[in-house]
Amino acid sequence: MPSLSPPHKSAASGSAPSMSSKPSAPQTPPPPRKAKFRPALGGMVHGAFAHKSPDAAAGPASKKRAAVYMDSEDEDEDGGRAAAFTNGIANHSTPSGGKRKKMRKNGAANGGGNAQAQAAAKTRLLQEQRAQLPIAQGRDAIVRAVAANDVTIVLGETGSGKTTQIPQYLLEAGTLAGLLAITQPRRVAATSLAARVSQEQGRPLGTLVGYAVRFDEKLSDETRVKYLTDGMLMREMMGDPMLERYGVVIVDEAHERTLRTDLVLASLKRILKERNAGQAPGKGKERARNPLKVVVMSATLDAEKFSRFFDDAPVLYVKGRQHPVSVYHTATSQTDYVDAALRTFYQIHVDYPVGDVLIFLPGQEDIESLELSIRTYAKQLPANALGVLVCPLYASLPNAKQSRVFAPTPAHTRKCILATNIAETSITIPGVKYVIDTGKQKEKRHLTRMTGSGFDTLLTTDITKSSAMQRAGRAGREGPGNCFRLYTEDAFDAMALSSEPEVRRSSLTSALLQLKCTGQDLESIDFMDNPEVEAVGSALRTLWLLDAIDVKRQLTAFGRSMASFPLEPQYAAILLASVDNKCVADVISILSLLSSSSPLFPDSSAQRDDAAEARLKFRHPSGDHLTMLNVFRAYDELSASEGKGARRDWCRQNYVNERALREAGDIRTQLRGVCERTQLDWAVSCGDADGPVLKSLTRGLLQHAAFLQPDGSYKQTLGPSVIKIHPSSFLTGKPCPAIIYNELVRLSSAAAVTSRAECIHRCTQHISTPAASRLCLRHS
DNA sequence: GAGCACTGC
């Protein structure tokens with residue numbers, strides 16, 4: 001092995017990964033079980049870790065926890081989830097349950113049976129599989145518990161099958177009144193689970209079993225079981241605050257504690273109080289006619305907390321089975337986790353048998369850096385060594401590149417996946433036997449200020465214990481695995497148990513507006529964890545400034561209209577303002593692009609100058625928003641005459657992200673639909689005039705306005721901060737008397753500086769408009 | 001003249 005320094009920027013001087021000491025012998029001999037992860041990482045520890053059951057991890061089981069201990073085979077809900085992962089990616093079900101199924105199906109096809117017989121055979125097979133699931137032994141216990149209690153907590157390990165089976169048990173028990181809803185934090189999960197359960201019921205998707213997610217639903221009058229995102233259920237609550245249509249609501253993945261899950265849980269508690277009142281034993285008032293049953297499903301640790309929140313609801317424990325994963329910690333802490341990951345990867349590559357490696361890193365930058373390093377070293381491997389295939393994986397990576405992680409690993413090759421948190425929950429990758437965990441992640445935090453609407457930060461932080469366990473578990477999906485943690489066992493012990501729930505760290509403006517529409521309030525609602533007082537104040541102030549609530553904190557008619565749009569409240573206010581300003585069509589296009597999860601102008605350092613030049617032709621003197629509108633208009637024009645290929649070429653030539661435009665197109669269609677339902681004409685355009693658009697934008701962004709100061713920086717009108725324009729903005733170097741902007745982010749470089757450094761911000765996507773200053777003065 | 005984890009309506 002050559003002993004060159006890794007190309008990674010901060011490689012330890014001169015010391016190459018210890019693979020140099022290991023002649024690249026044939027890969028076949030399996031290593032000793034208690035591996036020697038010793039290396040250049042400074043002497044290795046082990047950290048034998050037997051797969052801990054949640055009980056062991058959570059402490060002694062409480063008395064009221066009814067154990068339904070069940071071993072589960074590999075058949076699980078995540079297989080289905082992976083299968084439907086993102087558009088255009090074909091079946092990637094886990095080899096375990098999925099393979100058998102596929103083989104059987106092919107066999108039937110070869111036999112020439114007709115479609116109906118095939119379908120029947122398939123249904124029979126699925127029923128056999130269901131019956132063999134160990135969770136099936138707990139079926140009666142589960143049905144009884146739900147019948148006897150308003151709320152039941154189910155603590156189920158990964159792979160227990162709870163998400164697919166429990167709804168069916170309740171359905172098949174025949175006691176179901178009304179619809180059964182089952183919420184998921186992610187859209188892909190809701191759609192793929194519905195498809196799987198539908199299949200198990202032997203019915204076409206959208207009949208007995210259906211789903212509802214943004215942009216897509218498959219439902220009918222027959223539908224009894226409905227998988228939906230938690231955001232979707234919150235939206236339904238705005239029209240049906242008591243969820244009268246539903247007899248059972250199951251909240252899945254509650255341990256993730258997303259803002260929407262917490263909102264759903266809090267709302268369910270309120271609904272239970274109303275709908276199930278009078279059910280209590282003893283003095284009977286009139287018995288509730290339409291009682292609601294709630295099931296909360298969690299994968300970790302927090303079961304007791306959910307139980308307490310719902311007045312000591314009983315906890316059922318469903319055991320899943322994962323293969324054992326041996327966990328190793330480093331003996332000393334690592335200063336450079338990218339370099340440590342590089343060394344560890346090659347340690348595995350040289351010492352361990354075939355099997356893919358999954359490396360968890362905080363972000364794109366680290367992923368790209370490590371990818372380069374691994375590639376560089378791979379070229380130096382001897383000809384007879386196992387090859388290396390590097391696959392990056394993060395959300396903003398184009399779909400086509402993401403799907404590479406699912407392609408079967410070629411012969412005589414080891415796949416190495418470099419992933420962000422996306423591989424922790426959203427995407428399950430088959431074939432992974434080794435996990436390298438840097439122990440880092442990026443976390444967004446909303447910092448509230450006394451004035452202004454606060455700003456977001458995105459910082460690299462240590463992960464939590466539950467994240468670490470989740471990451472390790474990714475190595476044991478299909479067989480025994482190994483997890484190498486690039487931090488010490490002490491560091492693991494020092495980690496927080498789980499992340500702070502989202503309700504404690506994000507902006508609550510949108511949540512507050514939704515709650516107001518269901519007749520609730522942030523101050524009065526009973527949350528699992530209460531939000532910070534400052535965050536509530538900030539949300540109230542923002543809604544008041546937008547005219548969504550009045551001085552008595554009552555929802556206004558304007559606020560109610562705002563809430564009917566699937567947009568941030570600020571953006572909804574802009575849209576409604578554009579009705580008065582007669583530029584709805586133009587503003588909807590801009591808002592769709594701003595709401596898209598992908599950036600329209602991605603930054604790739606390699607081609608930055610070319611990109612800037614190519615985009616110059618769209619530049620609008622007013623700023624970034626109108627520049628974006630120019631791009632969208634050009635793309636629309638092209639779409640009217642040209643096909644898919646031409647559009648793709650055009651986007652490539654102009655360095656704009658087609659994914660952003662496509663997603664914006666979906667959002668725009670949805671927004672137009674809401675306009676039609678509320679009798680607003682979305683086709684009105686102001687043509688080339690920019691005034692109406694600027695005026696509308698200012699209506700929603702008045703908290704995000706700033707004046708030019710003599711030194712060229714800007715001072716917030718409704719906040720204490722001095723800000724500057726991000727260099728990627730089209731307004732850079734073109735001072736204007738006042739700007740509005742739609743995002744304010746703290747520079748990570750400034751975070752290290754003392755004194756007044758925290759007042760230096762990055763502001764992106766602004767626009768210059770004298771109208772902004774006048775409006776803001778009046779409103780302030 | 002700088003950097004962007006993930007998700008939802």
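Values below: all heavy atoms of this structure, side chains included; hydrogens, waters and symmetry mates excluded. All figures in this text were calculated on a predicted structure; none of them were measured in a lab.
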Rounding to a whole Å, what distance do you find between [X]:[atom1] and [N]:[atom2]?
X      : N     : atom1 : atom2 : value
A/L508 : B/dG8 : CG    : P     : 19 Å
A/N657 : B/dC4 : CG    : P     : 17 Å
A/L228 : B/dT7 : CG    : P     : 18 Å
A/L397 : B/dA5 : CG    : C1'   : 14 Å
A/Q184 : B/dC6 : CD    : P     : 20 Å
A/R260 : B/dC6 : CZ    : C1'   : 10 Å
A/D462 : B/dA5 : CG    : C1'   : 15 Å
A/Y571 : B/dC9 : OH    : C1'   : 15 Å

Does any part of the side chain of [Y], heavy atoms only, come nearer than 4.5 Å to the side chain of [X], both counted from C-beta?
X      : Y      : answer
A/T509 : A/E568 : no
A/R504 : A/E532 : yes
A/F601 : A/F730 : yes

- Could you list by number each residue of residues 232-240 of chain A showing a heavy-atom separation from DNA chain B of less than 4.0 Å, or answer none if no residue does? A/M232, A/R235
Taking only side-chain N and O atoms of [X], does any of them lie within less than 4.0 angstrom of OP1 or OP2 on [N]?
X      : N     : answer
A/T229 : B/dC9 : yes
A/T420 : B/dC6 : yes
A/R187 : B/dC9 : yes

- Looking at the side chain of A/K444, which of B/dT7, B/dA5, B/dC9 is the nearest nucleotide? B/dA5
- Message: For a quick check of understanding: with a heavy-atom distance under 4.0 Å over all strands, which category does A/L567 fall into, base, sugar-phosphate or nothing?
- Response: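 The residue A/L567 makes base contact.
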- Classify the nucleic acid contact of A/F215 as base, sugar-phosphate or nothing, counting any heavy atom under 4.0 Å across all strands shown.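 Result for A/F215 = nothing.
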- Task: Taking side chain to side chain donor-acceptor pair (under 3.5 Å) as the test, write out the residues that go with A/T438, two or more places apart.
- Result: none
- Query: Listed by chain and number, what are the side chain to side chain donor-acceptor pair (under 3.5 Å) partners of A/Q520, not counting sequence neighbours?
  - Reply: A/R270, A/T518
- Message: Quick check: on DNA chain B, is the nucleotide nearest A/K442 upstream (toward 5') of the one nearest A/G231, or the reverse? Name the residue that is more 5'.
- Response: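 Comparing both residues, the 5'-ward one is A/K442.
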- Starting at the 5' end of DNA chain B, which residue's closest nucleotide do you reach first, A/N421 or A/D230? A/N421
- Task: Report yes or no: is the cationic atom of A/R485 (NZ for Lys, CZ for Arg) closer than 6.0 Å to the six-membered ring centre of A/F492, at no more than 45° off its axis?
- Result: yes
- Do A/T229 and A/R214 have side-chain N/O donor and acceptor atoms under 3.5 Å apart? no
